[in-house]
There are 2 protein chains.
Amino acid sequence: MNKKQVTAEHRHFPWDHPRFRSWIAVARACQLMQQTLTRRLAHLDVKPPHLDILINLYRFDGITQQELAHKLLVGRSNMSMLLPQLEQRGLIERRGDARDKRVLRLSLTPAGRTLTEQAMEIQTALIENSLGGAPIEDCMKIAASMERIIAALLKEEGELP
Amino acid sequence: MNKKQVTAEHRHFPWDHPRFRSWIAVARACQLMQQTLTRRLAHLDVKPPHLDILINLYRFDGITQQELAHKLLVGRSNMSMLLPQLEQRGLIERRGDARDKRVLRLSLTPAGRTLTEQAMEIQTALIENSLGGAPIEDCMKIAASMERIIAALLKEEGELP
DNA sequence: ACATAATTGTACAACGATGAACAAAAAGCA
DNA sequence: TGCTTTTTGTTCATCGTTGTACAATTATGT
């Protein structure tokens with residue numbers, strides 16, 4: 001009946017809160033997934049940040065650097081540092097927009113598209129393997145929870161600038 | 001081995017897979033949470049990596065740098081870079097072990113303990129706020145799923161060295 | 001006991017991410 | 001039109017993270 005009250009005095013440690021412990025697990029899983037993905041992509045000379053870029057160019061051809069940075073939740077300067085590398089490797093193209101001479105429109109080259117497909121294959125396999133034990137319904141519920149968290153954090157972030 | 005031939009006809013993209021989409025949501029939520037936490041901790045001059053260290057010293061007094069790095073899933077060199085900073089700020093102490101002269105045993109100073117409690121307060125509030133909408137049971141299920149993922153990734157990582 | 005291997009922490013160079021300052025171009029407004 | 005403000009991308013200095021090589025210490029094996 002009053003098991004909660006008994007433990008109530010000890011509940012002032014963060015790691016005793018269920019939500020806190022849950023989030024720590026989420027963060028650790030993310031960190032490990034990132035590290036594992038980094039190793040599995042190494043032979044393609046692609047790192048997670050590069051893959052994030054490539055996948056978005058695969059999906060959204062002709063996107064601008066600004067839009068890309070926004071999707072990836074990083075600063076514009078980040079794109080200015082990474083994109084020229086991918087361009088020099090012949091994986092992407094940056095063409096100036098005719099109507100707006102400020103923007104650079106991004107697209108994959110054939111080589112970039114091929115490499116992206118190989119890398120996505122690896123990433124998908126890793127994900128399917130790691131959470132293959134979880135039923136689809138559980139994954140959907142997790143996704144729904146995460147979407148709510150994302151919305152809450154984006155909202156408060158949007159109030160800053 | 002080649003299940004891919006099945007999907008080849010309909011060109012299934014990764015973002016059409018439920019598990020893939022779920023994991024992307026998890027990663028984005030983590031990224032946003034980290035960024036928000038960074039801003040909320042700024043006035044304490046503490047960043048998420050520092051807080052991770054402080055919390056672990058709070059829980060596990062007398063831990064070694066090696067053990068700490070292992071818990072945080074980072075390299076030893078990382079600790080060698082960060083810990084002297086925290087030591088100079090008077091937040092932690094590093095004392096050599098008498099029996100094993102290689103190891104440095106870490107502990108919080110009173111100032112470090114106070115700062116850690118303030119920072120944990122902020123982090124806990126952010127987490128409770130962000131996933132406050134999710135029922136405790138959902139959080140527990142998410143935690144269970146993440147633990148399984150962590151176990152799977154740690155296992156395959158342990159087979160490497 | 002002695003040589004070899006494994007461990008613990010450090011130093012250093014390379015890379016990614018960030019924020020501020022900047023130039024060019026476009027948009028808004030009088 | 002002419003002026004200011006906003007947007008877009010770049011540059012740069014700074015910081016965190018990583019991997020490698022290294023020194024000191026301990027453990028292991030013969």
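Below, each value reflects all heavy atoms present in this structure, side chains not excepted, and no hydrogens, waters or symmetry copies. Below, chain A is the first sequence line, B the second, and so on; all start at residue 1.
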Summary of protein contacts for nucleotides 7-16 of chain D, nucleotide by nucleotide, where a base hit scores B, a sugar-phosphate-only hit scores S (4.0 Å, heavy atoms): BBBBB---SS
Whether over 12 other heavy atoms sit under 6.0 Å from B:R21 CZ: no
Exceeds 12 heavy-atom contacts within 6.0 angstrom, atom CD of B:E121: no
B:I149 to A:S130 - nearest heavy-atom pair and separation: CG1-O, 3.8 Å
Spacing of B:Q34 atom CD relative to C:dA17 atom P, expressed in whole Å: 13 Å
Interatomic distance where CD belongs to B:Q35 and C1' belongs to C:dT18 [whole Å]: 10 Å
In one Ile/Leu/Val/Met/Phe/Trp/Tyr side-chain cluster, 4.5 Å: B:L57, A:F13: yes
Rounded distance (Å) that lies between atom C1' of C:dT7 and atom CZ of B:R99: 17 Å
Quick one: side chains of residues 109-118 of chain B, donor-acceptor pairs under 3.5 Å with protein atoms, not counting sequence neighbours, listed by atom name and distance.
unit_1 : atom_1 : unit_2 : atom_2 : d
B:T109 : OG1    : B:G90  : O      : 2.6
B:T109 : OG1    : B:L91  : O      : 3.1
B:T109 : OG1    : B:G112 : N      : 3.0
B:T114 : OG1    : B:P110 : O      : 3.1
B:T116 : OG1    : B:G112 : O      : 2.6
B:E117 : OE2    : B:Y58  : OH     : 2.6

Smallest separation among heavy atoms of B:D97 and B:R99, with atom names: OD1-N, 2.7 Å
Rounded interatomic separation in angstrom, taking CG from A:L51 and P from C:dG16: 15 Å
